[in-house]
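In what follows, a structure is listed as structure tokens, so that the remarks can point back to it.
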Amino acid sequence: MHNGLNMVEINTLVLGKTIGGFLSLVYIFYFIQLSSWITRSVGDFMHLTLMPKTPITMFHIMFLSLACYASLKEITAIVRVNEFIAPLIFIMFWVTYLALVSEWSWERFMPSFRLDLFNTMKETTDILAIPFMDTAICLTMIFPFMSTSKMKPVFSGILFTATFISLMIFIMIGVIGITRASHLTYPLFTVFQELRIYAFIEHVEAIVSIAVLYTVFFKLCVVYYNIVLGICTLFNIRNKTMISIPLIWVISGFALSNHTSLIDFREWDKKYMFIYTMLYAVIIPILLLIVTKLKRLKKAG
């Protein structure tokens, strides 16, 4: 309905400068929160699995500095790099991951048949919030760069990713079982850590580390770009550098202050993430849709 406009521009167009501007600030704040969660996640992963003696802030500043540089190079540069690297990471990861099939056992699925399926789905709604609903929210800032005919591959990509995440979990349960997988902090990393391909190929966990770090970094770049684009669009700022660089310290601070620990964040994520993300992914878009329809009906008499 508003072709060529991002979410910030749609808010101000449909709801006016005051209310629309406030909602745009709410979206920008959500992107800052999301980037801080991503930054904290990658910092925790590096600190707990690879470099326990390195201060977690160093990982935050390192990744945010690269995301800042990427945001200044615009979305086209970010996507071009992803088009080149993502297939290599994908092939490298799955060729190694499929080696786990030799350890497969159907017996490890037995506890799942005694679970209450409805309650299990109800308690895991946070999986819908991240990485699916937040992806849809982030893409609303990038849609103006794509023609309407190119929308189908975007949603096909989300479906493709959902399928492979399901397959990845399916294989993991068959290899280490439901009980152990649900009690590990990073089950995927642990599975690769224990994997041995012949006698001379060891430390295969480096592959999953590269895959995780690249995937998280690409997502951080997109969200970081959304923040810079949103602020510059809302306040009509042309110099993106003066916005992009200070964000490193803002997001790094948020990443340290949001939650005291990984356990604290996961508890919050499980209880509130789905409800919180619904506001941005469903409620506000429906409000914008209704107001747009009413304005068009009024204009048509």
Side-chain angles (χ1 to χ4, degrees), residues 37-38 41-42 44-50 52 82 85-135 155-219 262-263 265-267 269-271 273-274 277:
W37 292 333
I38 296 169
S41 296
V42 73
D44 286 334
F45 175 77
M46 293 289 290
H47 185 70
L48 293 174
T49 60
L50 299 174
N82 188 57
I85 298 179
L88 300 176
I89 298 288
F90 182 84
I91 293 169
M92 181 178 66
F93 174 83
W94 279 100
V95 166
T96 311
Y97 195 65
L98 290 175
L100 295 169
V101 176
S102 59
E103 304 293 329
W104 176 273
S105 175
W106 274 108
E107 293 180 0
R108 298 187 178 99
F109 278 85
M110 291 305 294
S112 65
F113 298 114
R114 294 194 291 269
L115 292 175
D116 188 336
L117 183 61
F118 179 75
N119 284 333
T120 302
M121 293 175 65
K122 185 179 178 181
E123 291 173 4
T124 54
T125 50
D126 55 296
I127 302 298
L128 291 175
I130 294 178
F132 297 106
M133 291 168 69
D134 65 328
T135 301
F155 295 104
S156 300
I158 294 175
L159 180 62
F160 178 82
T161 305
T163 303
F164 275 93
I165 289 175
S166 303
L167 178 61
M168 185 172 64
I169 295 172
F170 186 74
I171 295 174
M172 188 187 302
I173 292 173
V175 172
I176 64 174
I178 293 173
T179 305
R180 191 182 176 207
S182 61
H183 284 78
L184 291 170
T185 306
Y186 299 108
L188 187 63
F189 182 83
T190 304
V191 167
F192 272 79
Q193 202 171 30
E194 297 174 355
L195 178 64
R196 294 291 181 272
I197 303 177
Y198 303 111
F200 54 89
I201 301 179
E202 296 182 340
H203 297 292
V204 192
E205 67 271 16
I207 294 175
V208 72
S209 300
I210 293 170
V212 168
L213 291 175
Y214 173 74
T215 306
V216 173
F217 173 67
F218 176 72
K219 184 172 184 176
L262 182 63
I263 297 172
F265 174 70
R266 290 198 172 181
E267 284 295 319
D269 182 28
K270 187 176 181 180
K271 291 180 181 178
M273 186 63 79
F274 178 72
T277 312

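- What you find for I158 and F132 is that their closest heavy atoms are CG2-CD2, 3.9 Å.
- For F164, the ring-ring contact (aromatic ring centres under 6.0 Å, His included) test picks out F90, W94, F160, with sequence neighbours left out.
- For the atom pair I130 CD1 and W37 CH2, the distance stands at 6.0 Å (nearest 0.5 Å).
- Of all heavy-atom pairs spanning R266 and Y186, the tightest one is NH2-CE2, 4.1 Å.
- Within a 6.0 Å sphere centred on CE of M92, heavy atoms belonging to other residues, nucleotides or ligands number more than 12.
- Taking OG1 from T49 and NE2 from H47, the interatomic distance works out to 10.0 Å, rounded to the nearest 0.5 Å.
- In this structure, I89 CD1 and F218 CZ are separated by 12.5 Å, a value rounded to the nearest 0.5 Å.
- Checked against a 6.0 Å centroid threshold, the rings of F192 and F93 count as neighbours.
- The two residues M172 and P187 make their nearest non-hydrogen contact at SD-CB, 3.5 Å.
- Here T125 contributes atom OG1 and K271 contributes atom NZ; the two are 13.0 Å apart, rounded to the nearest 0.5 Å.
- We find the OG1-CZ distance between T124 and F274 to be 10.5 Å, quoted to the nearest 0.5 Å.
- Note: I127 CD1 to M121 CE = 12.0 Å, rounded to the nearest 0.5 Å.
- The shortest heavy-atom contact between T277 and D134 is CG2-N, 4.3 Å.
- In this view, Y214 satisfies the ring-ring contact (aromatic ring centres under 6.0 Å, His included) rule with no residue, not counting sequence neighbours.
- With I176 as reference, L184 is the one residue of T190, L184, I171 to meet the side-chain contact (heavy atoms from CB on, under 4.5 Å) rule.
- A donor-acceptor pair is defined here as one N or O able to donate and one able to accept, closer than 3.5 Å; such a pair exists between the side chain of S182 and the backbone of T179.
- Scanning all heavy atoms of the two residues, the minimum distance from A211 to T215 falls at O-OG1, 2.7 Å.
- Pairing each heavy atom of N82 with each of P87, the nearest pair is O-CD, 3.8 Å.
- By the salt bridge (charged side-chain N to carboxylate O under 4.0 Å, His left out) test, D126 pairs with no residue at all, sequence neighbours left out.
- Residues I165 and P131 meet the side-chain proximity criterion, which asks for heavy atoms closer than 4.5 Å.
- The side-chain heavy atoms of L50 and S209, taken from C-beta on, include a pair separated by under 4.5 Å.
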